[in-house]
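Each chain gets a letter, A, B and so on, in the order the sequences are listed, and its residues count up from 1.
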Number of protein chains: 2
Amino acid sequence: MSTAEERADSDLQSWAEVTPDAARRLLLAAVEAFAERGYHATTTRDIASRAGMSPAALYIHYKTKEELLHRISRIGHEKALEILRTAARREGSATERLADAVSSFVRWHARGRTTARVVQYELDSLGPDARAEILALRRQVDAEVRGIIEEGAASGEFDVLDVQGTTLAVLSLCIDVARWFNVDGPRTPEEIGELYADLVLRMVGAKKAGHGVGKAEGQGRIPVDGPGPRGR
Amino acid sequence: MSTAEERADSDLQSWAEVTPDAARRLLLAAVEAFAERGYHATTTRDIASRAGMSPAALYIHYKTKEELLHRISRIGHEKALEILRTAARREGSATERLADAVSSFVRWHARGRTTARVVQYELDSLGPDARAEILALRRQVDAEVRGIIEEGAASGEFDVLDVQGTTLAVLSLCIDVARWFNVDGPRTPEEIGELYADLVLRMVGAKKAGHGVGKAEGQGRIPVDGPGPRGR
DNA sequence: GGGGACGCTAAGCGCCCGCTCATCCTCGGC
DNA sequence: GCCGAGGATGAGCGGGCGCTTAGCGTCCCC
């Protein structure tokens, strides 16, 4: 179901491209802190101390606190785009590719909830230039999903009235997983990925839905909504 | 440009229950500020000046900044619950009631995006007691939607594998509207409500979907996702 | 028309913020 | 054995934070 590598960090994000080591530790600490308390509520002192360094050390590797957010956001969006591209461009019917795209995108949001929260919800905290750059990536994300839905609609595989609106809803559904997913909850990222892929295929009117998905039934309550972090 | 009071109308939230007048103006100013910049990034000086008062005036009507957020959150959740209850308890088939619940819930999130953002995304900023109170309201919100889906599933009107998971997804889809909806975008809250009601009926496998919804087709692009505020 | 209650403000308290800087430690090259 | 470069630090800057307090005007009640 998942490789050892994927399970290695609860976050399945490698961050290997960030060097040197101290810079990566600071970035990781910032992801955690931003996800828990939000960008504006996080202090540079908090980030530095999570990384086991003095407050001033941060400024050797990053010009400002915002640069940290920018780097996290770009790397995260690139990873999200890569996941969707891989699913969109594999072989198979539009149904198979859409199910793959949704389930892997959802798994990423659930498993890497910490990163995904920062990536998806702190966009407004970026300055205008950085935000424009990230928005360009988001447009590509949108285009990948829209592409699959368009193909399915064109071939008659799907039954969709409003392609752009449906695309928006599908992405919205996946992204919001980062808000409510609880690591201690009753569902695994894989289960949610499967459930969501089935729901999305129904949304686009795919001819044959997820056939015998089974097993998803009757597994107790989920804690409503409880937006999760804070604990520490 | 316009006062907080004037802009609040676009919000369809009355706030009439908040008295005296100065306390209501402060609350409205806080809603705006929290929605734009987030609770932690909003200063009491900003709230007071938006309400046309001195910084100290805030503390005549509210003990702390957090009390403002608590009041906003409780009033908002009560309104959300009222909307869903009204839809859930009217006469009609489960299909009709679910469509009504979704479309009116979505309209509230789109029209009152400012309020809804604070209500749905600033839960973590509350202290433990206040948050526990709000979470109880959220459990009731969840129960209303789950109730409709259960009835539809029991009567054979719907085809649902995982009632709780589907409930979660439906609520998630509606709530996330507050994140991406753009007042200047191409879609009206009513159009999104209709689209989403149709999508949700498909998700639960309702026998007859939204029949000839029509008109939703081909109305140009939406601006990807752009999470909006910040403008000022 | 005197007096207290109320709504509000100017001033400011103690604290912590993002960020800087002079200094120090460590380590590879010669 | 000495030196320079770069990573890391303790101290601290200017400023803004949430919130308090002393006092002022404006009403209502008698």
Side-chain angles (χ1 to χ4, degrees), chain A residues 15 18-73 118 122 124-131 232, chain B residues 3-5 15 18-73 118 122 124-131 230 232:
Chain A
W15 304 110
V18 183
T19 52
D21 182 71
R24 184 171 50 251
R25 277 189 292 131
L26 283 164
L27 205 88
L28 245 35
V31 168
E32 256 189 52
F34 291 163
E36 271 176 30
R37 305 144 86 98
Y39 173 79
H40 288 297
T42 299
T43 70
T44 54
R45 284 164 177 82
D46 182 26
I47 296 170
S49 85
R50 279 174 196 251
M53 306 170 86
S54 79
L58 196 152
Y59 293 91
I60 294 163
H61 300 283
Y62 301 96
K63 275 210 300 283
T64 61
K65 182 173 122 176
E66 200 201 311
E67 193 192 328
L68 271 165
L69 179 60
H70 184 192
R71 291 265 256 262
I72 292 166
S73 197
V118 179
E122 294 292 350
D124 295 353
S125 306
L126 289 168
D129 292 351
R131 196 164 71 252
R232 285 200 62 71
Chain B
T3 68
E5 197 171 32
W15 304 111
V18 183
T19 54
D21 182 70
R24 184 171 50 249
R25 277 189 293 132
L26 283 164
L27 205 88
L28 246 34
V31 168
E32 256 189 52
F34 291 162
E36 270 177 30
R37 303 145 85 98
Y39 173 79
H40 289 297
T42 299
T43 70
T44 54
R45 285 163 175 82
D46 182 25
I47 297 170
S49 86
R50 279 174 196 251
M53 306 170 86
S54 81
L58 197 153
Y59 293 91
I60 295 159
H61 301 282
Y62 302 95
K63 274 210 298 285
T64 61
K65 183 174 122 178
E66 199 199 312
E67 192 191 329
L68 270 166
L69 179 59
H70 184 190
R71 290 266 256 263
I72 292 166
S73 197
V118 179
E122 294 292 349
D124 295 353
S125 306
L126 289 168
D129 292 350
R131 195 163 72 252
R230 167 162 296 238
R232 293 201 60 68

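Taking a heavy-atom distance under 4.0 Å as the criterion, the stretch of DNA chain C touched by chain A extends 5' to 3' from dC17(C) to dC21(C).
Here the C1' atom of nucleotide dG6(D) and the CD1 atom of Ile60(A) are 9 Å apart, to the nearest Å.
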Reading nucleotides 14-19 of chain D from the 5' end, what letters show protein touch, with B for base, S for backbone sugar-phosphate only, - for no heavy atom under 4.0 Å? ---BBB
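Between the side chain of Ser73(B) and the backbone N or O of Leu69(B) there is no donor-acceptor pair closer than 3.5 Å. Here the side chain of Ser49(A) pairs no donor or acceptor atom with the backbone of Gly52(A) at under 3.5 angstrom.
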List the atom pairs, with distances to 0.1 Å, where a side-chain N or O of residues 20-30 of chain A and a protein N or O form a donor-acceptor pair under 3.5 Å, not counting sequence neighbours.
from     : atom 1 : to       : atom 2 : distance (Å)
Asp21(A) : OD1    : Arg24(A) : NH2    : 3.2
Asp21(A) : OD2    : Arg25(A) : NE     : 3.2
Arg24(A) : NH1    : Val18(A) : O      : 2.6
Arg25(A) : NH1    : Ala51(A) : O      : 2.9

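Partners of Ser54(B) under the side-chain contact (heavy atoms from CB on, under 4.5 Å) rule, at least two apart in sequence or in another chain, are Ala56(B), Ala57(B). Residues forming a side-chain contact (heavy atoms from CB on, under 4.5 Å) with Ala48(B) (at least two apart in sequence, or on another chain): none. Qualifying side chain to side chain donor-acceptor pair (under 3.5 Å) partners for Asp129(B), counting only residues two or more places apart in sequence or in other chains: none.
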Please lay out, stage by stage, how Arg131(A) and Asp124(A) fare under the test salt bridge (Lys or Arg N to Asp or Glu O under 4.0 Å). CA-CA 7 Å; Arg131(A) 196 164 71 252; Asp124(A) 295 353; 5.0 Å; no
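For residues 58-68 of chain A, the set of pairs meeting the side-chain hydrogen bond (donor to acceptor under 3.5 Å, both in side chains) definition, not counting sequence neighbours, comprises Glu67(A)-Arg71(A).
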